Amino acid sequence: MKNFLTVLTAIALFGLVACEGPAGPAGKDGSTGAAGQNAGFVYFEGFKADLKCAQCHAPNDVDTTFRVITKEIQYETSGHKELGNYDRNTTTCAGCHTNEGFFERTQRGVANETFTINAASGPMVNQNYPSSSPVGCFTCHAPHIRGNFTFRDTVGQVKIFSLVKENTTKAFTGNTSAQLCVKCHQPRMTSQFLIGTTNLSWQPSNVVGTDTAKIYTSRWNNHVSGEGIQTMLGFGGVEFTGNTYTNSYHSTALQNKTLACADCHMATPIGNKGGGHTFKVGYIPEGSTTTSYNFAGCNTTACHGTSGVIAATSVKWIGVRSEMIAKVSQLAKLMLDSTVVGKWTVKKAGKFNPWVTFTTNASGDTVWAANANTGANALQITPAYKAGALWNLQMAMYEASHGIHNTAYTRSLLDASIAELKKP
Ligand code: HEC
Ligand code: HEC
Ligand code: HEC
Ligand code: HEC
Ligand code: HEC
């Protein structure tokens, strides 16, 4: 009987919405729609028996358990919602960019996912999701079917692949919440430049050879989503011989479960600006135009709280970040200089072809992309392995923490790349 009442309540709530106007004609899949498609989890996952709606759908003074409203407000400013790329909803993209696509992945079991870099799409999702919604509460949690906010997906160990020829996949052994992030914050399985039969770009390699690298796409990188986790694992860059590559404590701590993404990205919230469900470390305070940072996650007892508190002026913060930003810029400028990289660059229409182009993004940062074109206009570099410096530039730039995720590895990659290009 209780179950029946709960369902009735749910129907009554939905009914209210339906009362607003005359019903439109049935869609192409009939009045009930195709099973489980474009309906949103809220609807097709169902409700737990005896679920008390008012426990969560209530003001904060009633919902003292979960404080759902607070999280909803914080989430409005999260990149997941704010950046708006949830229109990337086809089979190759929806698995990470949409609520619905990730649900399909979890239904099939993310534990069994194996991504093949040369496959046309990778076993991402089986269908397009034309009316997709952004990654949201129901992507990471399953509140209606469970009545709580445990993680929807609790499968451990994500295998991260690398596009560098000699590398093999590396298992990320972080804690449950970090595993959740990395299901999506990993390289794109549909790595375009290696797919197809024509215009295949050079696959980065650590091996010194004499062949020519041809690069046909300005997106010759790990899709912005893979550089972070690869950096945290200390691999995925082109490692020039004769250099040493080391890792910082953050890398170790993430892998031995002492530290999680959430510790820094979801630290004690500052209203709806930073921390908590904004997932932001950097935020713009009220009445300001410059970025502040939420250091609550850094300065906990087990971490920097006891040994040198982190602040905006700390060497471990501004020192590291300015160093990496300067080195990225220095490396990119070498790639614009014909006297430096000219000797390894195949001329285009008789003229020097710089390795990078640059634009300024909304945050005022310079974005360096491979200066690539299709067909005969590919960016061509001989010997090919020197192009590894361009790969590493992309690694360090899209590892958007500017060295905080793994200072030592980012520094090693940048230093080795600069030294490599300075060789005669
Ligand atoms: C454990 C917490 C929890 C309980 C209990 C709960 N909900 Fe929800 N519900 C949520 C969350 C979280 C959302 C998503 C809010 C968001 O996206 O901002 C949601 C969304 C919804 C939506 C969609 C609202 C929209 O704006 O699209 C409906 C409808 C809904 N719930 C109905 C119910 C009904 C009916 C019950 C009781 C049978 C119920 N909920 C019980 C947490 C809960
Ligand atoms: C493995 C999961 C994954 C897949 C698959 C994926 N993306 Fe993404 N994508 C991400 C993540 C995560 C980000 C945000 C990364 C960040 O900002 O650090 C992102 C960022 C983006 C951005 C904004 C940054 C940029 O490069 O301009 C665009 C646009 C984008 N993706 C398009 C696509 C398209 C189109 C597809 C399908 C062809 C796709 N993505 C497939 C995870 C994925
Ligand atoms: C991208 C994944 C993600 C999304 C989307 C997300 N959460 Fe969470 N949520 C988390 C993580 C991770 C934690 C644990 C944070 C920690 O360990 O500090 C959490 C914790 C929570 C908790 C605390 C759980 C408890 O019982 O103590 C609540 C409540 C919650 N989330 C509600 C929401 C609501 C409401 C939304 C939508 C507005 C939402 N979450 C969206 C990842 C997510
Ligand atoms: C279901 C896939 C998915 C999960 C799970 C997920 N993310 Fe994301 N995340 C994305 C995508 C996709 C974007 C880019 C959104 C866009 O461009 O519209 C993104 C964006 C972000 C951004 C903003 C990036 C920017 O460039 O400003 C941060 C920060 C972030 N995620 C952190 C996290 C953390 C921390 C977790 C785990 C608690 C997590 N994400 C879990 C898919 C996911
Ligand atoms: C030691 C703290 C720390 C940990 C752990 C950490 N990050 Fe970050 N992350 C940062 C900082 C600091 C930035 C730069 C923020 C800024 O400039 O606003 C950043 C930037 C990012 C960005 C770029 C978007 C943004 O908000 O600037 C993404 C996406 C991201 N991290 C994802 C992750 C994921 C996924 C994990 C876990 C696998 C993780 N991070 C672990 C500190 C951390």
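Keep in mind that this is a model prediction, so the values were computed, not measured. Atoms within a ligand are numbered from 1 in the order they appear, just like the ligands themselves.
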**OP:** Would you mind checking which non-hydrogen protein atom is closest to atom 22 (C) of ligand 5, with the distance to 0.1 Å?
**Re:** H265 CE1, 4.1 Å

**OP:** Would you kindly specify which portion of A178 sits under 4.0 Å from ligand 5, judged on non-hydrogen atoms: side chain, backbone, both or neither?
**Re:** neither

Subject >> atom 37 (C) of ligand 5 - nearest protein heavy atom and its distance >> reply: C261 SG, 1.9 Å

**OP:** Considering the heavy atoms of G84, write down every atom of ligand 4 situated less than 4.0 Å from one of them.
**Re:** 18 (O)

**OP:** Enumerate the atoms of ligand 5 whose separation from the nearest heavy atom of L259 is less than 4.0 angstrom.
**Re:** 5 (C)

Original post:
If hydrogens are left out, which of C53, A49, G46, P143 has an atom nearest to atom 36 (C) of ligand 1, that is, the closest non-hydrogen atom?
Top reply: C53

Subject >> Gap separating the CG atom of D61 from the CZ atom of R67, nearest 0.5 angstrom >> reply: 8.5 Å

Original post:
Where does T291 meet ligand 5, judged by heavy-atom distances below 4.0 Å: at the side chain, the backbone, both, or neither?
Top reply: neither

**OP:** Decide, counting backbone as well as side-chain atoms, whether H185 has an N, O or S atom less than 2.8 Å from atom 8 (Fe) of ligand 4.
**Re:** yes

Subject >> Any protein heavy atom < 4.0 Å from atom 25 (C) of ligand 5 >> reply: no

Original post:
Which one of H402, R321, Q255 has a non-hydrogen atom at the shortest distance from atom 14 (C) of ligand 5?
Top reply: R321

**OP:** Heavy-atom distances under 4.0 Å are what count here, so tell me which part of H57 touches ligand 1: side chain, backbone, both or neither.
**Re:** side chain

Subject >> For H97, atoms of ligand 4 separated by under 4.0 Å from a heavy atom >> reply: 12 (C)

Original post:
Which atoms of ligand 5 sit under 4.0 Å from any heavy atom of C264?
Top reply: 1 (C), 2 (C), 3 (C), 4 (C), 5 (C), 42 (C), 43 (C)

Original post:
How about H80: does one of its N, O or S atoms come closer than 2.8 Å to atom 8 (Fe) of ligand 4?
Top reply: yes

**OP:** Number the atoms of ligand 5 from 1 as they appear, then name those within less than 4.0 Å of a heavy atom of A400, with their elements.
**Re:** 14 (C), 23 (C)

Original post:
Without hydrogens or angle criteria, can the side chains of Q255 and S251 be said to hold a donor-acceptor pair below 3.5 Å?
Top reply: yes

**OP:** May I ask you to list the atoms of ligand 5 that are less than 4.0 angstrom from any heavy atom of V182?
**Re:** 38 (C)

Original post:
Counting each atom of ligand 5 from 1 as listed, which ones have a heavy atom of A260 under 4.0 Å away?
Top reply: 5 (C)

Original post:
Among protein heavy atoms, which lies nearest atom 15 (C) of ligand 5, and at what distance?
Top reply: V281 CB, 3.9 Å

Original post:
At a 4.0 Å threshold, what atoms of ligand 5 neighbour a non-hydrogen atom of G282?
Top reply: 18 (O)

Subject >> Which of the ligand 5 atoms, numbered from 1, are nearer than 4.0 Å to a heavy atom of Y293 >> reply: 16 (C), 17 (O), 18 (O)

Original post:
Between Y75 and ligand 1, which residue portion shows a heavy-atom distance shorter than 4.0 Å: side chain, backbone, both, or neither?
Top reply: neither

**OP:** Give yes or no for whether the N/O distance cutoff of 3.5 Å, strictly under, is met between H144 and ligand 1.
**Re:** yes

Original post:
Would one find an N or O of H250, backbone or side chain, under 3.5 Å from an N or O of ligand 5?
Top reply: no

**OP:** With heavy atoms only and a cut-off of under 4.0 Å, state how Y249 meets ligand 5: side chain, backbone, both or neither.
**Re:** neither

**OP:** Could you tell me whether atom 11 (C) of ligand 5 has a protein heavy atom closer than 4.0 Å?
**Re:** yes

Original post:
Between M232 and ligand 5, which part of the residue brings a heavy atom under 4.0 Å of the ligand: side chain, backbone, both or neither?
Top reply: side chain

